[in-house]
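Scope of the values below: all heavy atoms of this structure, side chains included, with no hydrogens, waters or symmetry mates. Each chain gets a letter, A, B and so on, in the order the sequences are listed, and its residues count up from 1.
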There are 2 protein chains.
Amino acid sequence: MDKKRSDCPISCSLDILGDKWSLLIIRDVMLRGKMSYSEFLNSEERIATNILVSRLTILEGEKILVKDVSPENKSKYIYSLTQKGADLLPIIIELMDWGAKYNKNCPRKELGQRIKKDKAAVVRELSEVLKHKVK
Amino acid sequence: MDKKRSDCPISCSLDILGDKWSLLIIRDVMLRGKMSYSEFLNSEERIATNILVSRLTILEGEKILVKDVSPENKSKYIYSLTQKGADLLPIIIELMDWGAKYNKNCPRKELGQRIKKDKAAVVRELSEVLKHKVK
DNA sequence: TTTTAGTTGTTGCAAAATGCAAGTACAAAT
DNA sequence: ATTTGTACTTGCATTTTGCAACAACTAAAA
């Protein structure tokens with residue numbers, strides 16, 4: 001954690017999350033079941049390797065993600081959400097809702113449709129699911 | 001609007017909002033009644049003048065803000081939210097809630113307290129207020 | 001009229017972050 | 001022993017950001 005720009009909670013959040021990549025990694029873990037460096041690397045947005053390492057380090061340092069050796073493959077690491085990371089769910093959902101609303105090229109899929117109908121229910125259900133995976 | 005990284009709605013949102021400053025400007029307009037270049041410049045986070053101009057141009061280009069000559073002072077511009085900009089309210093509220101929850105130095109003030117108690121009500125009330133100001 | 005203050009920028013330059021390509025290290029599989 | 005998979009590191013060019021100074025315009029004051 002560097003020095004904060006101010007004590008405004010929005011500013012504090014943006015100090016950590018305010019870039020184009022961090023929340024995409026969170027999305028991958030939260031909604032797409034991705035857990036490893038190579039899975040993140042293969043996301044369609046094509047993050048560079050050095051940026052990915054840098055962001056994973058920061059997210060781990062902020063205790064948003066935790067890193068463990070994979071049980072199946074000892075030369076592999078898996079990243080999981082902490083409760084602090086899981087609590088980013090509403091932000092992710094709102095970004096998805098706004099993005100879908102104002103981009104024609106972003107057709108709403110299953111989750112998007114459900115968010116449009118009952119956002120609160122989606123957040124409730126997903127946070128329940130995440131609760132059982134949190135480290 | 002540059003080229004998008006993907007059609008994921010979260011990614012699309014971050015293409016526009018994914019930096020440390022844009023959402024702080026939105027915060028200033030949305031929650032602090034700020035409307036002008038000089039007011040944004042004087043926020044405690046101390047944005048640089050070239051960054052501010054750059055962000056205002058982008059936000060105007062994305063039709064999140066609109067720029068008009070001030071009625072009182074013809075050498076002054078005022079920036080207002082469009083409906084697209086006002087629809088960022090839930091994102092701002094969630095960033096505030098998460099930031100306040102995980103930062104000791106961010107004591108929740110009036111709005112923060114109300115968000116903690118009943119987030120949905122706050123969003124409903126504030127979006128009603130914003131609706132009447134939208135350009 | 002000249003000056004001063006207020007407002008919204010622009011410009012130049014250094015520092016930091018990002019993007020890209022290649023290389024490294026280590027474990028497991030063949 | 002070699003290859004494959006996984007997780008990085010490094011070097012370098014490009015882009016963005018941060019900082020400080022300067023500029024253009026308007027309105028009001030002296």
Side-chain angles (χ1 to χ4, degrees), chain A residues 1-6 11 14-26 28-29 32-62 64-80, chain B residues 1-6 11 14-26 28-29 32-62 64-80:
Chain A
M1 195 182 341
D2 257 342
K3 56 191 175 303
K4 290 177 190 166
R5 290 174 294 174
S6 80
S11 169
L14 292 174
D15 282 341
I16 300 172
L17 305 169
D19 73 277
K20 296 201 187 306
W21 294 110
S22 298
L23 285 170
L24 285 188
I25 296 172
I26 301 298
D28 282 351
V29 180
R32 301 187 174 181
K34 298 193 177 187
M35 309 187 76
S36 67
Y37 177 93
S38 52
E39 287 175 306
F40 302 141
L41 208 56
N42 287 326
S43 283
E44 52 185 345
E45 291 88 7
R46 319 271 45 189
I47 189 171
T49 60
N50 53 344
I51 309 293
L52 177 54
V53 172
S54 152
R55 292 307 184 278
L56 288 173
T57 304
I58 292 171
L59 292 172
E60 203 190 344
E62 293 291 341
I64 289 170
L65 295 179
V66 286
K67 179 183 184 177
D68 294 295
V69 174
S70 166
E72 300 110 13
N73 182 340
K74 286 181 186 174
S75 70
K76 190 173 180 173
Y77 291 109
I78 57 172
Y79 294 87
S80 317
Chain B
M1 192 182 345
D2 257 342
K3 57 193 174 304
K4 290 177 190 165
R5 290 174 294 174
S6 80
S11 169
L14 292 174
D15 282 341
I16 300 172
L17 306 169
D19 73 277
K20 298 203 185 305
W21 294 108
S22 298
L23 285 170
L24 284 188
I25 296 172
I26 301 298
D28 282 351
V29 180
R32 301 187 175 183
K34 299 193 177 187
M35 309 187 76
S36 67
Y37 177 94
S38 51
E39 287 176 306
F40 303 141
L41 208 58
N42 287 325
S43 282
E44 53 186 344
E45 291 86 6
R46 318 274 44 190
I47 188 170
T49 60
N50 54 345
I51 308 291
L52 176 55
V53 172
S54 153
R55 292 307 183 279
L56 288 174
T57 304
I58 292 172
L59 292 172
E60 203 189 344
E62 294 290 339
I64 289 169
L65 295 179
V66 285
K67 179 182 184 176
D68 294 295
V69 174
S70 167
E72 300 111 15
N73 182 341
K74 286 180 185 174
S75 70
K76 190 172 179 175
Y77 291 110
I78 57 172
Y79 294 87
S80 318

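The distance from atom CG of B:N42 to atom C1' of C:dG6 is 12 Å, rounded to the nearest whole Å. Rounded to whole Å, atom C1' of D:dG18 lies 13 Å from atom CZ of A:R5. In this structure, CD of B:E39 is placed 14 Å from P of C:dG9, rounded to the nearest angstrom. Regarding A:D19, its CG atom lies at a distance of 14 Å from the C1' atom of C:dA16, rounded to whole Å. Rounded to whole Å, the distance from CD on A:E45 to P on C:dT18 is 16 Å. Distance CG (A:L52) to P (C:dC20): 14 Å, rounded to an integer number of Å. Across the protein-nucleic acid pair, B:N73 atom CG and D:dT26 atom P stand 11 Å apart, rounded to whole Å. Remark: C1' of C:dT18 and CD1 of A:I58 are 12 Å apart, rounded to the nearest angstrom.
B:F40 comes within 4.0 angstrom of no nucleic acid atom, judged by non-hydrogen atoms across all strands. Residue B:S54 is out of contact with every strand shown, counting any heavy-atom pair closer than 4.0 Å.
One finds no side-chain N or O of A:S75 lying less than 4.0 angstrom from the OP1 or OP2 phosphate oxygen of C:dA28. Contact annotation: A:K67 reaches the phosphate of D:dC8 (side-chain N/O to OP1 or OP2, under 4.0 Å). For the pair A:W21 and C:dG19, the criterion of a side-chain N or O lying under 4.0 Å from OP1 or OP2 is met.
Between the side chain of B:N50 and the base of D:dG18, at least one donor-acceptor pair of N or O atoms lies under 3.5 Å.
Residues B:L14 and B:R5 are in side-chain contact: their nearest non-hydrogen atoms beyond the backbone lie under 4.5 Å apart.
Side-chain proximity of B:A48 to the nucleotides D:dT9, D:dA7, D:dG18 is greatest for D:dG18. The side chain of A:I51 approaches C:dG19 more closely than any other nucleotide in the set D:dT9, C:dG19, C:dG9.
In terms of position along DNA chain C, the nucleotide closest to A:R46 lies nearer the 5' end than the nucleotide closest to the other residue of the pair A:K74 and A:R46. Mapping B:R55 and B:T49 onto DNA chain D via the closest heavy atom, the residue that lands nearer the 5' end is B:R55.
Exactly one residue among B:I26, B:V29, B:L23 makes a side-chain contact (heavy atoms from CB on, under 4.5 Å) with B:L59. That residue is B:I26.
Taking CG from B:D19 and OG from B:S22, the interatomic distance works out to 3.5 Å, rounded to the nearest 0.5 Å.
In terms of modelled atom types and a separation under 3.5 Å, the side chain of A:D15 and the main chain of A:G18 share no donor-acceptor contact.
The two atoms that bring B:Y79 and B:Y37 nearest to each other are CE1-N, 4.2 Å, heavy atoms only.
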